[in-house]
Amino acid sequence: MRKGRIELGDVTPHNIKQLKLLNQVVFPVSYNDKFYKDVLEAGELAKLAYYNDMVVGGVCCRVDVLDGQRRLYIMTLGCLAPYRRLGIGTKMLEHVLNFVEREGNFNSIFLHVQVNNDGALDFYKKFGFEVVETKQHYYKRIEPADAHVLQKTLVKS
């Protein structure tokens with residue numbers, strides 16, 4: 001597939017169903033209505049990725065506060081299989097990295113990755129994420145049920 005045009009767009013009530021469908025195809029877990037309600041209010045923290053004007057990916061994040069430290073949690077970042085390795089995931093992750101840099105005051109970015117998802121692990125490690133913990137039985141109804149917690153520390157405390 002030749003290089004196409006990659007753009008990010010807002011998630012709106014008009015296209016949220018596309019995000020739902022995408023997530024059903026890309027991820028082995030399902031997300032409830034509250035997840036999508038929160039995504040609609042996430043602003044810059046939720047984006048759809050377009051490849052030549054077609055929705056092929058999405059990223060959804062939220063701000064967590066733990067012990068007074070602001071952390072960005074990547075809830076989902078995924079791309080349809082035929083469109084992987086074209087720079088779409090990179091474009092979505094760079095959007096997230098630019099957001100935390102612009103906003104400032106973030107200690108780290110973190111996410112969960114299924115332990116057997118080598119493609120995702122390699123992808124995030126290229127951007128300076130490290131496995132900081134492995135949670136047993138993190139996922140329900142999928143195998144393997146364990147997840148690595150990947151983190152990129154932004155501010156040394």
Side-chain angles (χ1 to χ4, degrees), residues 1-12 15-16 18-31 35-36 38-66 69-135 138-139 146-157:
M1 202 177 313
R2 64 178 186 75
K3 272 278 196 210
R5 192 175 66 256
I6 303 167
E7 295 171 308
L8 299 183
D10 294 336
V11 177
T12 69
N15 63 23
I16 189 89
Q18 288 181 290
L19 178 66
K20 277 186 185 180
L21 201 57
L22 179 91
N23 285 349
Q24 286 170 1
V25 172
V26 172
F27 299 108
V29 294
S30 54
Y31 296 91
F35 173 90
Y36 291 103
D38 292 347
V39 162
L40 281 173
E41 296 167 10
E44 287 299 300
L45 294 178
K47 292 287 182 187
L48 285 171
Y50 295 87
Y51 186 82
N52 292 335
D53 300 322
M54 190 169 68
V55 173
V56 296
V59 57
C60 304
C61 307
R62 71 167 188 251
V63 177
D64 273 12
V65 179
L66 179 72
Q69 304 273 351
R70 272 170 42 115
R71 310 183 309 159
L72 191 78
Y73 178 58
I74 299 175
M75 299 184 290
T76 62
L77 189 154
C79 181
L80 293 173
Y83 296 91
R84 291 184 188 150
R85 308 199 68 79
L86 295 172
I88 297 160
T90 296
K91 180 111 174 173
M92 291 188 286
L93 187 55
E94 283 174 347
H95 172 78
V96 171
L97 296 171
N98 291 337
F99 175 85
V100 295
E101 195 176 303
R102 268 195 325 271
E103 287 286 307
N105 198 23
F106 278 95
N107 177 265
S108 61
I109 305 171
F110 73 110
L111 67 148
H112 293 88
V113 173
Q114 199 173 10
V115 292
N116 65 340
N117 190 341
D118 294 332
L121 292 168
D122 292 343
F123 172 75
Y124 287 106
K125 285 177 180 175
K126 279 193 313 201
F127 289 91
F129 285 78
E130 299 170 313
V131 175
V132 292
E133 185 185 352
T134 300
K135 294 201 173 191
Y138 177 77
Y139 296 107
D146 303 342
H148 290 309
V149 178
L150 274 76
Q151 180 173 297
K152 180 180 174 76
T153 303
L154 303 167
V155 178
K156 299 284 182 233
S157 43

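Quantities reported herein were computed from a predicted structural model and do not represent experimental measurements.
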Donor-acceptor contact below 3.5 Å, side chain [X] vs main chain [Y]:
X	Y	answer
N15	Q18	no
H95	L45	no
R70	N105	yes
N117	V113	no
Y51	G4	yes
R84	C79	yes

Exercise for the section: Step by step, work out the side chain to side chain contact (heavy atoms under 4.5 Å, CB included) result for R102 and N98. Expected result: CA-CA 6 Å; R102 268 195 325 271; N98 291 337; 3.9 Å; yes

Out of curiosity, [X] [atom1] to [Y] [atom2], how far, rounded to the nearest 0.5 Å?
X	Y	atom1	atom2	result
L77	K47	CG	NZ	13.5 Å
Q151	L111	CD	CG	10.0 Å
E133	L150	CD	CG	11.0 Å
F110	R71	CZ	CZ	3.5 Å
K152	I74	NZ	CD1	10.5 Å
L72	E103	CG	CD	9.5 Å

Practice task
Can you establish whether the number of heavy atoms outside E41 located under 6.0 Å from its atom CD is more than 12?
Solution key: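 It does: E41 CD has more than 12 such atoms within range.
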
Exercise for the section: Inspect the surroundings of CD in E130 and state if more than 12 heavy atoms from other residues, nucleotides or ligands are less than 6.0 Å away. Expected result: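 No.
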
Practice task
Taking the six-membered ring for Trp and the single ring otherwise, decide whether the centroids of H112 and Y139 are under 6.0 Å apart.
Solution key: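 H112 vs Y139: aromatic centres not under 6.0 Å.
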
Exercise for the section: Would you please name every residue forming a side chain to side chain contact (heavy atoms under 4.5 Å, CB included) with D118, sequence neighbours left out? Expected result: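 Partners of D118 under the side chain to side chain contact (heavy atoms under 4.5 Å, CB included) test: L121.
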
Exercise for the section: Test V131 against K125 for side chain to side chain contact (heavy atoms under 4.5 Å, CB included), laying out the working first. Expected result: CA-CA 9 Å; V131 175; K125 285 177 180 175; 4.3 Å; yes

Exercise for the section: Could you check L40 against I16 for side chain to side chain contact (heavy atoms under 4.5 Å, CB included), going step by step and ending with a plain yes or no? Expected result: CA-CA 8 Å; L40 281 173; I16 189 89; 3.9 Å; yes

Please report the shortest heavy-atom distance between [X] and [Y], naming the atom on each side.
X	Y	result
L86	I6	O-CD1, 3.3 Å
I88	A49	CG2-CB, 3.6 Å
L22	G58	CD2-N, 3.4 Å
C60	V39	SG-CG2, 3.8 Å
C61	V96	SG-CG2, 3.8 Å
L154	I109	CD1-CG1, 3.8 Å

Problem - The single option from Y124, F123, F129 passing ring pair (Phe, Tyr, Trp, His ring centres under 6.0 Å) against F127 - result: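 Single pass found, and it is F123.
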
Handout entry: Steps toward side chain to side chain contact (heavy atoms under 4.5 Å, CB included) verdict (Y138, Q114)
Key = CA-CA 9 Å; Y138 177 77; Q114 199 173 10; over 6 Å; no

Practice task
For the pair D53 and R5, find out whether any cationic side-chain nitrogen is under 4.0 Å from an anionic carboxylate oxygen.
Solution key: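 Salt bridge flag = yes for R5 with D53.
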
Problem - Residues R62, D38: salt bridge by 4.0 Å N-O rule - result: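 Result for this pair is no, no salt bridge flagged.
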
Handout entry: Flag side-chain contact, heavy atom, 4.5 Å: Y73 against V63
Key =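 A side-chain contact under 4.5 Å is absent here.
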
Problem - Beyond-backbone contact of N23 with F35, side-chain heavy atoms, under 4.5 angstrom - result: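 In contact.
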
Practice task
Identify whether NZ of Lys or CZ of Arg in K20 sits under 6.0 Å from the centre of the six-membered ring of Y31 and within 45° of that ring's axis.
Solution key: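 No, K20 does not lie over the aromatic ring of Y31.
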
